A.B. asks: 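My questions all concern the structure below.
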Amino acid sequence: MRGLKLIERFKGTQVHALNPPDATVVNSTGSSSTSSKLSNHRVKFIGSKLKSNKACSGSGAKTLLPFGLPRTDLLEPPIEPHLKSIQLVETLSNLYRRFETCSESEKSLVCIEQYSVLSSLGDPKLLRRCLRAARQHAFDLHSKVVLSAWLRYERREDELDGVSPMDCSRFVLECPRAALVSGYDPNSIYDHCKCYQERSEFTQVSKGDEFLALEEDSDLCFRVGNEDINCIRFKIAALSTPFKAMLYGSFTESKSYRIDFSQNDISVEGMRGVDLYSRTRRVDSLSPEIVLELLSFANRFCCEDMKSACDIHLASLVSWVEDALDLIEYGLEERANALIASCLQVLLRELPSSLYNPKVLKIFCSFEARERLASAGHASFLLYYFLSQVAMEDSMVSNATVMLLERLRECATEKWQKALALHQLGCVLLERKEYVSAQCCFEAASEAGHVYSLAGMARCRYKQGQQYSAYRLTSSLISEYKAIGWMYQERSLYNIGKDKIADLETATELDPTLPFPYKYRAVSKAEEKQTRAAISEIDRIIGFKLVPDCLELRAWFLMAIEDYESALRDIRALLTLDPSYKMFNEQVRGDILIELLNYKVQLGSQADCWMQLYDRWSSVDDIGSLAVIHQMLFNDPGNSLLRFRQSLLLLRLNCQKAAMRCLRLAHNHSSSEHEKLVYEGWILYDIGYREEALARAEKSISIQRSFEAFFLKSYTLADSSLDPESSSYVIQLLQEALRCPSDGLRKGQALNNLGTIYVDCGKLDQAATCYMNALEIKHTRAHQGLARVYFLRNQRKAAYDEMSKLIEKAHNNASAYEKRSEYCDRETAKNDLNMATKLDPLRTYPYRYRAAVLMDDQKETEAVEELSKAIAFKPDLQMLHLRAAFYESMGDMKSALCDCEAALCLEPNHMDTLDLYNRARDRAISPQEM
């Protein structure tokens, strides 16, 4: 009966697609306007109108919202272009087992499969670890070249000015010269970069030796045209089997002194080059043109050693895109493996800019181009996976993206590869509104085992007017598989009324990190004229996950209620995340909107901004702090210190790529060498190069003693288990930092860190002094450290009260609730942790604590369920480890091993998990000992 009712309900008007080209949006004045009509002259008109009506705030919201507020019927979540496993833990477990048991030659591709599965989690450090492991285990030139270029591409946000694409900055796994050395070296990650080896290591033949070699007696002459080239018979014969047969076999040439080679497509200079190579076994003194001629000659006469020498020499000459485009054709024609690899390397390391070159696209995009690369052994799933990722990031709807994904599909051999290629092609075709073709791709991907592609298939049916069919498909997903948040989110699109809202609530309950349900509920409230309630709804996700379009949506609502100052804050924070972001359905640049809003807000001086920054920073208002710094940079764009502050805030907000971009800009705008070294050090530290970061800090200190250099050195050293001697040294470094000039914001952080080291050393009085000094200069987070001191002094009530002060002052206070739970009774702790989860469901400690309490109460099933609830949307290492320990204690060794393997897939060197894994494996093998 329910199904019949739904059929009737779905016979009405179809829900509009997102941003339809003919969509007419009713603006806040009641008139209609098409979203595509906004142009530069209109923006100028709005600006002039605002200038002339600065005092008239009543019409401001109408003017600043030329398209009205967003509408629920235009909202859709994207179909994500990633593999999304419906059993992620089991998938990760399987990947770990395969990696541990497969042959060395297969490990690299298993790492790439890990990358494809983990991409949906959006953790750049985790993905980089997969790529590094894949590169480390790569055998062949082709894979090494692609992966080293991919690694370099992934850290493009922290690329410094003046660095060539062929410069690996001493990162050995990104080294272009190391990539051109075939074979697997398990210690390669520890080697010095090949780019910085002295060229003198490679033996060179001197001109004198070359002259002596040419002076040897000749007993053979090759005639080319009218020229004779004197050679040594046995050395020419040694070049290949055909030459040996010709010169020492039964052919007439074996008895001839002069042999006519005029008809063998070689020039006089080329034949002289052959003679020189036969005597010296080198080609580096020859011009590139002659070496190319020798390469062709070597192929015709099967001179493998000569071909290899020419191939390697030509490969060493490729440095620019123009060189690569010229030489790759020769390489493909002559099957010169190293030369092709070197050319590909240059083209790949210039991504994404090289994709705009039609000649580059010609090499990669067409079916015939792939066939040519394949015939030379250089068309692989890995290559096209990298190229298609870059193309999709650049444009989801370009023809180049479609062609590269089609090539990716042709290269796919394994089931997961086919699923990935088909799903991504489906996503692109869906964006291009080619719904029939997209549906075919999604259907094929689902048949290859990718269940999430059924969501894409449902979306395509919906776009073609088959709303009930889409509803039935998503409903079958929910009934057939264990429910996941995205399933209910997708079905909500095809549902209506209370059922739609119920689906969205279930989606949030199962996966609170999904932005769409919050956005839909917020816009729905705004449509009911409950704008403040809409703001409260969107605040729920912004509080723990900084999503650009959610910030934009809140800015829309704030403008609607004429809270221009808060709207300006959100837009400034948004542009810090993405400087090129466009608002109003990508019709208006963010900087233009800021300019318009400035007429509605009283702007302070740079000194006023510093005061605001202190207030926002001390109240732990990270978004507000970002906005103030953005305004300050508008007045002083070359201020490297402010860029550095931006990066610190962005790292705290888990926006790593934006943080790396800000660090890079801080380095590039810095005028002093010692400052540049500090910023380089932070970049290196954040991408995992701890020793290199330490070296930068020490070099900076040797040039000039500064707060930031000492702070970097202390922070890097403290990021490990400190023995008493090391702790004492870190304390000295922080004390040195505090003696150097800096502002209160940074000195507060240093005092806080110093207090932490004192606590770890058991020096509670000194720690308390540090925390109190930090609080005097408004470093609010020092309340947490002081609370710990009180607790260690057995002053639990004082510790609780101290954390309560932090909760009152901090704008973002989920972590404060979590920490306060340690200083109260179980029931109060439970309430605090529930509040922490409500404010930030991504924090894992509350789930682990609640699970441990349930386990203590012998409620094993409930304890496992508490962890499983969070692992479903955040497969965290600590939660997987704890659940594995629970399973072990319950005697479920199979589940314990599965969780351990999944955790080790995320962090292979986690010692506690390795110990638990080995123990569970032993117990599984010998169950009688249980």
Side-chain angles (χ1 to χ4, degrees), residues 85 87-93 95-96 114 117-118 120-130 510-513 544-545 651-652 654 656 688 718-721 756 760 784 788 814-822 829-830 832-856 859-890 892-893 895-921:
S85 174
Q87 294 180 313
L88 183 57
V89 172
E90 290 79 1
T91 301
L92 294 177
S93 169
L95 283 168
Y96 178 77
Q114 287 180 355
V117 170
L118 293 171
S120 62
L121 301 181
D123 184 339
K125 288 187 177 181
L126 200 56
L127 297 179
R128 184 169 179 80
R129 187 184 301 146
C130 293
L510 292 171
D511 184 354
T513 67
F544 67 90
K545 186 176 182 181
L651 284 173
R652 191 185 296 165
N654 201 30
Q656 191 193 19
D719 186 25
S720 59
S721 298
T756 302
D760 292 340
Q784 182 170 317
R788 187 181 176 201
S815 63
Y817 277 106
E818 179 182 298
K819 198 67 181 175
R820 190 176 72 171
S821 70
E822 298 178 19
K830 181 181 176 182
D832 275 356
L833 290 173
N834 288 341
M835 177 59 74
T837 298
K838 180 181 178 182
L839 295 173
D840 184 355
L842 291 175
R843 303 192 72 85
T844 62
Y845 174 77
Y847 301 100
R848 290 187 280 126
Y849 177 89
R850 288 190 291 263
V853 169
L854 289 166
M855 203 68 178
D856 287 343
K859 298 178 180 179
E860 297 174 339
T861 304
E862 292 88 338
V864 168
E865 184 55 38
E866 178 66 26
L867 292 174
S868 300
K869 181 170 60 177
I871 289 171
F873 61 86
K874 183 178 173 61
D876 173 76
L877 171 68
Q878 297 292 342
M879 287 195 290
L880 285 167
H881 174 85
L882 184 58
R883 192 172 71 171
F886 286 175
Y887 280 133
E888 185 203 25
S889 69
M890 296 161 62
D892 187 351
M893 294 302 116
S895 297
L897 288 171
C898 181
D899 277 358
C900 284
E901 288 162 349
L904 292 170
C905 189
L906 300 175
E907 178 48 79
N909 299 318
H910 191 252
M911 293 308 301
D912 289 344
T913 304
L914 282 169
D915 291 341
L916 176 58
Y917 182 53
N918 291 330
R919 190 168 66 246
R921 191 164 51 180

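Numbers here simply count residues along the sequence, with the first being 1. What you see is a predicted model, and the numbers here were worked out from it, not measured in a lab.
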A.B. asks: Mind checking whether Phe886 and Asp899 have side chains closer than 4.5 Å, heavy atoms only?
C.D. replies: no
A.B. asks: Working note: Leu88 + Leu121, criterion side-chain contact (heavy atoms from CB on, under 4.5 Å); need CA distance, chi angles, decisive distance, verdict.
C.D. replies: CA-CA 11 Å; Leu88 183 57; Leu121 301 181; 4.0 Å; yes
A.B. asks: Less than 4.5 Å apart, any side-chain heavy atom of Pro841 and any of Tyr847?
C.D. replies: yes
A.B. asks: Walk me through whether Leu877 and Thr913 qualify under side-chain contact (heavy atoms from CB on, under 4.5 Å).
C.D. replies: CA-CA 9 Å; Leu877 171 68; Thr913 304; 4.2 Å; yes
A.B. asks: Do Asn834 and Pro846 have side chains that approach each other closer than 4.5 Å (heavy atoms only, starting at C-beta)?
C.D. replies: no
A.B. asks: Which distance, rounded to the nearest 0.5 Å, do you find between the CD of Glu865 and the CG of Leu854?
C.D. replies: 10.5 Å
A.B. asks: Rounded to the nearest 0.5 Å, what's the gap from NZ on Lys874 to OG1 on Thr844? Could you check?
C.D. replies: 6.5 Å
A.B. asks: Below 4.0 angstrom, N of the basic side chain to O of the carboxylate: do Arg883 and Asp892 qualify?
C.D. replies: no
A.B. asks: If you look at every heavy atom in Met893 and Glu888, which pair is closest and at what distance?
C.D. replies: CE-O, 3.2 Å
A.B. asks: So do the side chains of Ser821 and Tyr849 get within less than 4.5 Å of each other, counting heavy atoms only?
C.D. replies: no
A.B. asks: Working note: Leu118 + Leu906, criterion side-chain contact (heavy atoms from CB on, under 4.5 Å); need CA distance, chi angles, decisive distance, verdict.
C.D. replies: CA-CA 9 Å; Leu118 293 171; Leu906 300 175; 3.8 Å; yes
A.B. asks: Looking at Asn654, I want to see if its CG is surrounded by more than 12 non-hydrogen atoms of other residues, nucleotides or ligands under 6.0 Å.
C.D. replies: no
A.B. asks: Going through the distances and angles, do Leu92 and Glu901 end up as a side-chain contact (heavy atoms from CB on, under 4.5 Å)?
C.D. replies: CA-CA 7 Å; Leu92 294 177; Glu901 288 162 349; over 6 Å; no
A.B. asks: Within the distance-only criterion (no hydrogens, no angle test), does the side chain of Asn918 pair as donor or acceptor with the backbone N or O of Leu914 below 3.5 angstrom?
C.D. replies: yes
A.B. asks: Using a 6.0 Å distance limit plus a 45 degree cone around the ring axis, check whether Arg921 lies over the aromatic ring of Tyr917.
C.D. replies: yes
A.B. asks: What's the separation between atom NZ in Lys859 and atom CD in Glu862, rounded to the nearest 0.5 Å?
C.D. replies: 6.5 Å
A.B. asks: Any non-hydrogen side-chain atom of Glu818 less than 4.5 Å from a side-chain atom of Asp832?
C.D. replies: no
A.B. asks: Does Val89 offer a backbone N or O that forms a donor-acceptor pair with the side chain of Ser93 under 3.5 Å?
C.D. replies: no
A.B. asks: Are any non-hydrogen side-chain atoms of Arg850 and Leu833 less than 4.5 angstrom apart?
C.D. replies: yes
A.B. asks: Checking the side chain of Tyr817 only, and the main-chain atoms of Leu839 only, is there a donor and an acceptor separated by less than 3.5 Å?
C.D. replies: no
A.B. asks: Within this structure, what is the CE-NE2 distance for the pair Met879 and His881, rounded to the nearest 0.5 Å?
C.D. replies: 13.5 Å
A.B. asks: I'd like to know whether NZ of Lys545 has more than 12 heavy-atom contacts from other residues, nucleotides or ligands below 6.0 angstrom.
C.D. replies: yes
A.B. asks: Could you walk me through whether Asp511 and Lys869 pass salt bridge (Lys or Arg N to Asp or Glu O under 4.0 Å), step by step?
C.D. replies: CA-CA 9 Å; Asp511 184 354; Lys869 181 170 60 177; over 6 Å; no
A.B. asks: Salt bridge check, Arg129 against Glu907: does any charged N sit closer than 4.0 Å to a carboxylate O?
C.D. replies: yes
